[in-house]
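Presented below is the structure to which this report refers.
Please read all numbers here as calculations on a predicted model, not as lab measurements. Residue numbers run from 1 in the order of the sequence given.
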Amino acid sequence: MPRVLPRASLPNAEKGGGGRLRRDGGESTTPKDSARAWAEARALIWRHRRSVGIGLMLMLISRAAGFVLPGSSKWLIDEVLTKQNYDLLVPLALASGAATLVQAVTSYALSQVVSVAAQRAIADLREEVQAHLIRLPVRFFDGTKSGVLISRVMNDPEGIRNLVGTGLIQLVGGLLTAAVALGVLFWLNWSLTLGTVAFLAIFAVGMSTAFKRLRPIFRERGRITADVTGRLAETIGGIRLIKVYTAEEREREVFSGGVDKLFRNIAATITGTSATTALSTAVVGIIGVLIMVFGGRAVIGGSMSVGDLVMYVIFIGLVAAPLVSIANIGTQLTEAFAGLDRIRELRDMATEDQEDADRLAIPPLRGDVAFERVWFEYEEGAPVLRDVSFTAPAGTTTALVGSSGSGKSTLISLVMAFARPKEGRILVDGVDLATLKLHDYRKQLGVVLQDNFLFDGTVRDNIAFTRPGATDEDVRTVAQVANVDEFVSRFADGYDTIVGERGVKLSGGQRQRVAIARAILADPRLLILDEATSSLDSESEQLIQEGLQRLRAGRTTFVIAHRLSTITSADQILVLEQGQIVERGTHAELMQLGGRYRDLYNRQFRLEQDRFVNPGEDPVPTTESDARAAAMKSGSRGGRGL
């Protein structure tokens with residue numbers, strides 16, 4: 001009796017769908033997360049240090065020029081207006097005008113430099129995330145919505161514009177401006193400034209607390225956005241099914257629920273941001289009251305001139321304005337860190353290339369494949385394959401037969417290394433597949449899957465996908481073998497015809513034939529045909545069988561076919577039921593055995609003879625005896641006057 005795998009034997013990496021890309025967005029940020037986020041931010045800034053450095057230099061020039069106009073107010077009032085030293089009026093005006101011009105030019109240059117750098121950083125990060133994503137194991141994609149992954153690639157990198165763009169530069173510039181202005185305030189009236197600093201400290205504590213609470217909310221927003229995007233992608237992809245079953249209203253309600261959840265999250269961040277803005281406004285107002293009371297008394301008492309007070313008020317504005325902007329900039333930086341958190345979750349997952357690092361490179365394969373006591377399960381305690389053993393010699397064809405859910409597609413998935421056995425091993429040319437580099441191994445695979453995927457490009461592009469350097473002659477040759485040329489020749493644009501998203505402009509049979517041509521062009525050592533003729537009508541199937549037979553010559557081929565008439569020439573047929581091989585042999589041997597295979601074959605033969613007779617009608621006669629019986633039956637009916 002086959003034994004059931006013990007639960008403890010399951011590696012964590014293989015359980016369930018292989019790790020869904022989800023994290024509870026409401027969880028607090030740990031010190032370790034914060035440390036890694038800051039490290040990633042520093043690395044990002046260092047990578048774009050040239051642009052950031054130029055931006056900081058331009059910012060310093062701009063901020064320094066910005067001090068000239070408010071600083072000249074003291075001399076304008078005390079020297080020019082009060083002491084009537086009119087000779088200073090023109091120099092003060094020229095200095096202020098020149099400083100303003102410098103500030104305008106540097107602000108423009110700053111925006112150009114850092115904005116372009118930010119967009120370059122976003123583009124680079126998107127490329128890196130996409131490159132990492134497509135190298136993750138297939139089991140990861142089985143458990144994660146495509147819309148969630150699209151959001152990871154396209155939306156999450158957006159926030160880093162505030163790290164290498166204007167956000168960080170403005171934050172640094174605002175802090176420097178506030179620090180210099182604060183120094184001037186101490187020079188003008190140190191006692192009044194001490195009171196100001198006390199309220200600024202309260203503001204700083206409030207900002208720090210607000211940003212810590214906002215970061216998890218921004219992270220949750222990214223998760224919700226990804227879920228909503230994923231559902232919308234599913235809705236658009238299944239629009240025909242939705243319309244057929246008039247499910248538009250149900251889909252609207254589901255989408256509305258997601259949008260409402262996103263709205264509530266955004267409302268929470270608006271509340272937090274508004275609170276920080278209100279706090280900054282309150283602090284500025286309190287400082288203004290202090291200036292009116294204590295500054296006015298200082299002027300009355302003679303310890304400050306009117307020019308000193310005006311300059312003090314202006315420089316208080318230079319301290320307050322950056323602090324108010326810090327509330328907005330800090331929110332943007334918090335959102336950027338939340339995006340980095342989500343990207344880190346993805347990048348922490350090991351890619352197949354990383355797993356391949358210590359594996360063996362492989363030469364061109366002969367094509368010997370052997371399963372040795374292989375067990376596999378998707379969910380713990382529910383084996384899908386049970387103690388499967390067989391050998392497929394190089395150049396032979398192995399057909400897999402069985403009822404739905406018997407494990408045929410899972411076995412093929414193991415051959416393609418999309419999954420790993422829980423127990424047992426798979427040998428390729430006598431070497432354990434688990435020790436071979438997947439990249440080298442898959443370069444020698446060719447597949448025609450049950451669900452054929454075509455890219456939104458031309459027929460030529462889709463056929464040449466497995467060999468981008470293929471010539472037009474190569475494409476036409478394999479197209480003729482796969483019977484693609486037969487229907488492409490009727491298109492006005494021929495092989496330049498756009499097939500549409502997922503090949504929607506082609507029929508099911510046409511898509512199938514393009515996929516077969518694509519596999520032929522790959523010239524693989526191992527060939528996988530998963531219901532390769534399932535979408536073909538009888539005429540097309542007959543035309544393509546000869547091409548498939550030539551394709552299979554000299555290649556190790558695995559075939560899944562529900563139409564058993566297409567596999568009678570297979571070198572061996574494996575009959576699977578409930579994850580076990582219950583019969584094996586050639587077509588003739590299995591028919592003679594009179595077991596499960598013969599039962600399936602005879603049942604299918606009877607179905608193929610079915611002419612889809614309507615209720616109350618006689619079947620169309622298929623043999624002479626059937627014809628005679630039908631004639632007699634018809635005559636007897638006529639005798640009854642029917």
Leu576 and Leu385: side chain to side chain contact (heavy atoms under 4.5 Å, CB included), yes or no, with the steps?
CA-CA 9 Å; Leu576 283 84; Leu385 293 180; 4.2 Å; yes
Is it the case that Thr398 and Gln572 place a side-chain donor and acceptor less than 3.5 Å from each other?
yes
Look only at the side chain of Thr556 and the backbone of Leu526, and say whether a donor-acceptor pair between them is shorter than 3.5 Å.
no
Quick one: does Arg135's side chain have a donor or acceptor within less than 3.5 Å of a partner on Thr351's backbone?
no
How close do Met416 and Leu445 get, counting heavy atoms only, and between which atoms?
CA-CD1, 4.0 Å
Looking only at heavy atoms, which two atoms of Pro157 and Arg152 are closest? And how far apart?
CD-O, 3.4 Å
Parallel, tilted or perpendicular: rings of His587 and Tyr597 (30°, 60°)
perpendicular
Is the number of heavy atoms from other residues, nucleotides or ligands within 6.0 Å of CD (Gln592) greater than 12?
no
Polar side-chain atom of Gln444 near backbone of Pro363 as donor-acceptor pair, under 3.5 Å
yes
Can you measure from CG (Leu521) to CD1 (Ile463) and round to the nearest 0.5 angstrom?
8.0 Å
Any chance you could measure Leu574, atom CG, to Gln580, atom CD, to the nearest 0.5 Å?
13.5 Å
So, the side chain of Asp429 versus the backbone of Arg366: is there a donor-acceptor pair under 3.5 Å, distance only?
yes
Give the C-alpha distance, both sets of side-chain angles, the deciding distance and a yes or no for side chain to side chain contact (heavy atoms under 4.5 Å, CB included) between Thr397 and Ser569.
CA-CA 8 Å; Thr397 296; Ser569 63; over 6 Å; no
Considering non-hydrogen atoms only, spot the tightest contact between Val475 and Ala470 and give its length.
CG2-CB, 4.5 Å
Go through the side-chain N and O atoms of Tyr495 and Asp461 and say whether any donor and acceptor fall under 3.5 Å apart.
no
Val401 side chain near Ile567 side chain, heavy-atom distance below 4.5 Å
yes
Provide the closest heavy-atom pair for Glu372 versus Ser389 in the form atom of the first, atom of the second, distance.
C-OG, 3.7 Å
Quick one: does Pro421's side chain get under 4.5 Å of Leu414's, heavy atoms only?
yes
Give a yes or no answer on whether the side chain of Arg467 reaches the backbone of Ala522 with a donor-acceptor pair at less than 3.5 Å.
no
Measure the shortest side-chain to side-chain distance between Met154 and Arg126 over non-hydrogen atoms and say whether it is less than 4.5 angstrom.
yes
May I ask you to check whether over 12 heavy atoms, not counting those of Gln578, lie within 6.0 Å of atom CD?
no
Check whether Arg511 reaches the backbone of Leu506 with its side chain - one donor and one acceptor, N or O, closer than 3.5 Å.
yes
Interatomic spacing from CZ in Arg347 to CG in Leu136 - rounded to 0.5 Å
11.5 Å
No-hydrogen, no-angle side-chain donor-acceptor test under 3.5 Å, Asp474 and Thr471
yes
Measuring from atom CG of Asp599 to atom CE of Met591, what distance do you get when rounded to the nearest 0.5 angstrom?
10.5 Å
Flag yes if more than 12 heavy atoms outside Lys443 fall under 6.0 Å of its NZ atom; otherwise flag no.
no
Do you know which two heavy atoms are closest between Pro524 and Leu527, and how far apart they sit?
CG-CD1, 4.1 Å
Pair Arg460-Asp496, side chain to side chain contact (heavy atoms under 4.5 Å, CB included): steps then yes or no:
CA-CA 6 Å; Arg460 176 186 289 104; Asp496 292 323; 2.3 Å; yes
For residues Val415 and Phe371, determine if any side-chain heavy atom of one lies less than 4.5 Å from a side-chain heavy atom of the other.
yes
Measure the shortest side-chain to side-chain distance between Pro383 and Glu423 over non-hydrogen atoms and say whether it is less than 4.5 angstrom.
no
Report yes if some heavy atom in the side chain of Phe140 is under 4.5 Å from a heavy atom in the side chain of Leu133; otherwise report no.
yes
The reported gap from CZ in Arg555 to CG in Leu365 (rounded to nearest 0.5 angstrom) is 13.0 Å
Mark yes or no for whether Lys408, through its side chain, and Leu400, through its backbone, hold a donor-acceptor pair below 3.5 Å.
no
Give a yes or no answer on whether the side chain of Glu583 reaches the backbone of Leu590 with a donor-acceptor pair at less than 3.5 Å.
no
Check the surroundings of atom CZ in Phe465: do more than 12 heavy atoms from other residues, nucleotides or ligands lie under 6.0 Å from it?
no
Are Leu593 and Glu589 packed together at the side-chain level, in the sense that at least one heavy-atom pair is separated by less than 4.5 angstrom?
no
Any chance you could measure Leu232, atom CG, to Glu251, atom CD, to the nearest 0.5 Å?
9.5 Å
Please report the C-alpha distance between Glu473 and Arg476 in whole Å, then the side-chain angles of each, then the deciding distance to 0.1 Å, and finally whether the salt bridge (charged side-chain N to carboxylate O under 4.0 Å, His left out) criterion is met.
CA-CA 5 Å; Glu473 184 61 29; Arg476 289 182 183 275; 5.8 Å; no
For residues Gln510 and Arg490, report the shortest heavy-atom separation together with the two atoms involved.
NE2-NH2, 4.4 Å
Could you give me the CA-CA distance, side-chain angles and deciding distance for Phe487 and Val514, then say whether side chain to side chain contact (heavy atoms under 4.5 Å, CB included) is met?
CA-CA 11 Å; Phe487 67 83; Val514 170; 4.0 Å; yes
Heavy-atom donor-acceptor pair, Ser413 side chain to Phe418 backbone, under 3.5 Å:
no
Side chains of Leu149 and Phe141: closer than 4.5 Å at any heavy-atom pair?
yes
